[in-house]
There are 2 protein chains.
Amino acid sequence: MMITRTMNKSQIKLISTLERVGGFASAQELYQMLRRDGDGIGLTTVYRALQSLLDDKIVDVLRREDGEALYRLCGEAHHHHLVCRSCGSTVEIEGSSVEKWAEAVAQEHRFREVGHTVELFGLCSKC
Amino acid sequence: MMITRTMNKSQIKLISTLERVGGFASAQELYQMLRRDGDGIGLTTVYRALQSLLDDKIVDVLRREDGEALYRLCGEAHHHHLVCRSCGSTVEIEGSSVEKWAEAVAQEHRFREVGHTVELFGLCSKC
DNA sequence: AATGTTAATGACAACCATTTTCATTTTTGC
DNA sequence: GCAAAAATGAAAATGGTTGTCATTAACATT
């Protein structure tokens, strides 16, 4: 038997928008991108679809420094970001050493289902 | 000559409240603690004082998973947290390996003034 | 003490991301 | 086609955070 995840139209639209973005984007940004493309989608639906995708672990969420939620496709390779505080440009970083460290810490303290947030914020060479 | 930082009453109150808390607390929580102690401080002042303390690097800020800002005294030793998603209990973690990694990444990409957010969220052994 | 100057304060409103509500529309199984 | 269930979006509510502004406290100078 195969588990078929119900994936509705809105979710599909969001996935392809996120693919187009490449990196990560806020709900509001995604909403505006879709509207600009002539889609009549509502903001509520965007939030709802993102929540479903989160539940299904199809997207990941992280917080910008100002607290706004940013979503991205959980790509194949899990990675982190180095974000410029000033211009917003981002560099993708992989850090297997950090992954291992996080896992070890989790085990040591007997925590289960431990996820981690590792983001670097600074000023890029141009700013 | 010595640089004397002007530190007003509100800021001092917040520092001692944060000391009492030990860990980290949201602006709203700090506000309520002070009010409960009979202090007539206003919410605006709490936010303002926290912002000044942030500017002076006396407190640190991190984001809860729901986006709310949490403040803590920048203790001597910089450390991270392992937070239980369910009951909120937290374990302080030190991770010099992570610090070094972050620094190396920043240099590699020629970013300046790079800070990092490293927080682990999971379920503790009781939950 | 009286005065003037400046910083600090708090009530209140504004902001903005996110969530809830609810009536309507679309999808789906039969 | 038709009824039940899921999805949708407009509008209002929520809640943390920030801005406004008139009032007050702090402090230096006469």
Side-chain angles (χ1 to χ4, degrees), chain A residues 3-18 21 24-56 58-72 83 85 88 117 119, chain B residues 3-18 21 24-56 58-72 83 85 88 117 119:
Chain A
I3 296 173
T4 336
R5 290 205 184 280
T6 31
M7 176 85 67
N8 66 31
K9 238 187 282 187
S10 305
Q11 283 164 281
I12 292 172
K13 283 186 216 162
L14 278 170
I15 290 178
S16 58
T17 307
L18 279 169
V21 168
F24 46 113
S26 70
Q28 308 273 349
E29 285 163 358
L30 292 167
Y31 168 67
Q32 281 171 25
M33 291 181 72
L34 284 166
R35 299 295 293 214
R36 248 183 259 122
D37 293 356
D39 198 305
I41 198 168
L43 187 51
T44 315
T45 305
V46 170
Y47 277 105
R48 258 189 304 235
L50 285 171
Q51 188 55 56
S52 304
L53 292 172
L54 267 182
D55 293 344
D56 294 350
I58 295 177
V59 305
D60 239 0
V61 67
L62 75 95
R63 295 271 164 188
R64 209 185 297 180
E65 274 196 336
D66 69 354
E68 191 171 352
L70 299 178
Y71 303 84
R72 69 179 162 191
V83 184
R85 245 193 289 273
T117 301
E119 301 298 331
Chain B
I3 296 172
T4 338
R5 287 202 188 283
T6 30
M7 176 85 67
N8 65 33
K9 236 185 287 185
S10 305
Q11 283 164 284
I12 292 172
K13 282 186 219 161
L14 278 169
I15 290 177
S16 58
T17 307
L18 278 170
V21 167
F24 47 113
S26 71
Q28 308 273 347
E29 284 164 359
L30 293 168
Y31 168 67
Q32 281 171 25
M33 290 182 74
L34 284 166
R35 299 295 293 212
R36 248 183 259 123
D37 292 357
D39 198 307
I41 198 169
L43 186 52
T44 315
T45 303
V46 170
Y47 276 105
R48 258 190 305 234
L50 285 171
Q51 188 54 55
S52 304
L53 293 173
L54 267 183
D55 292 345
D56 293 349
I58 296 177
V59 306
D60 239 2
V61 66
L62 74 93
R63 295 271 164 189
R64 209 184 298 177
E65 274 196 334
D66 69 355
E68 191 171 354
L70 299 178
Y71 303 84
R72 67 176 164 193
V83 184
R85 246 193 290 271
T117 300
E119 302 297 332

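All chains are named by letter (A, B, ...) in the order of the sequence lines, taking the proteins before the strands, and each is independently numbered beginning at 1. No hydrogens, no waters, no symmetry mates; every other heavy atom, side chains included, goes into these values.
- Within the 4.0 Å cut-off from OP1 or OP2 of dA26(D), not a single side-chain nitrogen or oxygen of Asn8(B) is found.
- A 4.0 Å heavy-atom criterion places the boundary nucleotides of DNA chain C facing chain B at dA8(C) to dC12(C), written 5' to 3'.
- The two residues Val46(A) and Ala27(A) have their closest heavy-atom pair at CG1-O, 3.7 Å.
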Scan nucleotides 16-21 of chain D nucleotide by nucleotide, 5' to 3', and note B when protein non-hydrogen atoms come under 4.0 Å of the base, S if they reach only the sugar-phosphate, - if neither.
SBBB--
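- Here the P atom of nucleotide dA26(D) and the CD1 atom of Ile12(B) are 12 Å apart, to the nearest Å.
- Of the residues in residues 31-42 of chain B, Gly40(B), Ile41(B), Gly42(B) come within less than 4.0 Å of DNA chain C through at least one heavy atom, sorted by number.
- Checking side-chain atoms of Arg63(B) against main-chain N and O of Glu65(A) turns up a donor-acceptor pair under 3.5 Å.
- Looking at heavy atoms from C-beta onward, Leu50(A) lies in side-chain contact with Leu30(A) at the 4.5 angstrom threshold.
- Here Ser26(A) pairs with Gln28(A), Glu29(A), Arg64(A), Glu68(A), Leu70(A) under the side-chain contact (heavy atoms from CB on, under 4.5 Å) rule; sequence neighbours left out.
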Listing, residues 31-43 of chain B side-chain donor-acceptor contacts under 3.5 Å, not counting sequence neighbours, or none:
| residue | atom | partner | partner atom | Å |
| --- | --- | --- | --- | --- |
| Arg35(B) | NH1 | Gly40(B) | O | 3.4 |
| Arg35(B) | NH1 | Ile41(B) | O | 2.7 |
| Asp37(B) | OD2 | Arg20(B) | NH2 | 3.0 |
| Asp39(B) | OD1 | Lys13(B) | NZ | 3.3 |
| Asp39(B) | OD1 | Ile41(B) | N | 2.9 |
| Asp39(B) | OD2 | Lys13(B) | NZ | 3.1 |

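- Atom NZ in Lys13(A) sits roughly 10 Å away from atom C1' in dT8(D) (whole-Å rounding).
- With rounding to the nearest 0.5 angstrom, the CD atom of Gln11(A) is 11.0 Å from the CZ atom of Arg48(A).
- Residues passing the ring-ring contact (aromatic ring centres under 6.0 Å, His included) test with Tyr47(A): none are found, sequence neighbours excluded.
- Taking the side chain as every heavy atom from C-beta outward, Ile58(B) and Met7(B) approach each other to under 4.5 Å.
- Looking at heavy atoms from C-beta onward, Tyr71(A) lies in side-chain contact with Leu54(A) at the 4.5 angstrom threshold.
- Interatomic distance, CZ of Phe24(A) versus CG of Asp60(A), reported as 11.0 Å (0.5 Å rounding).
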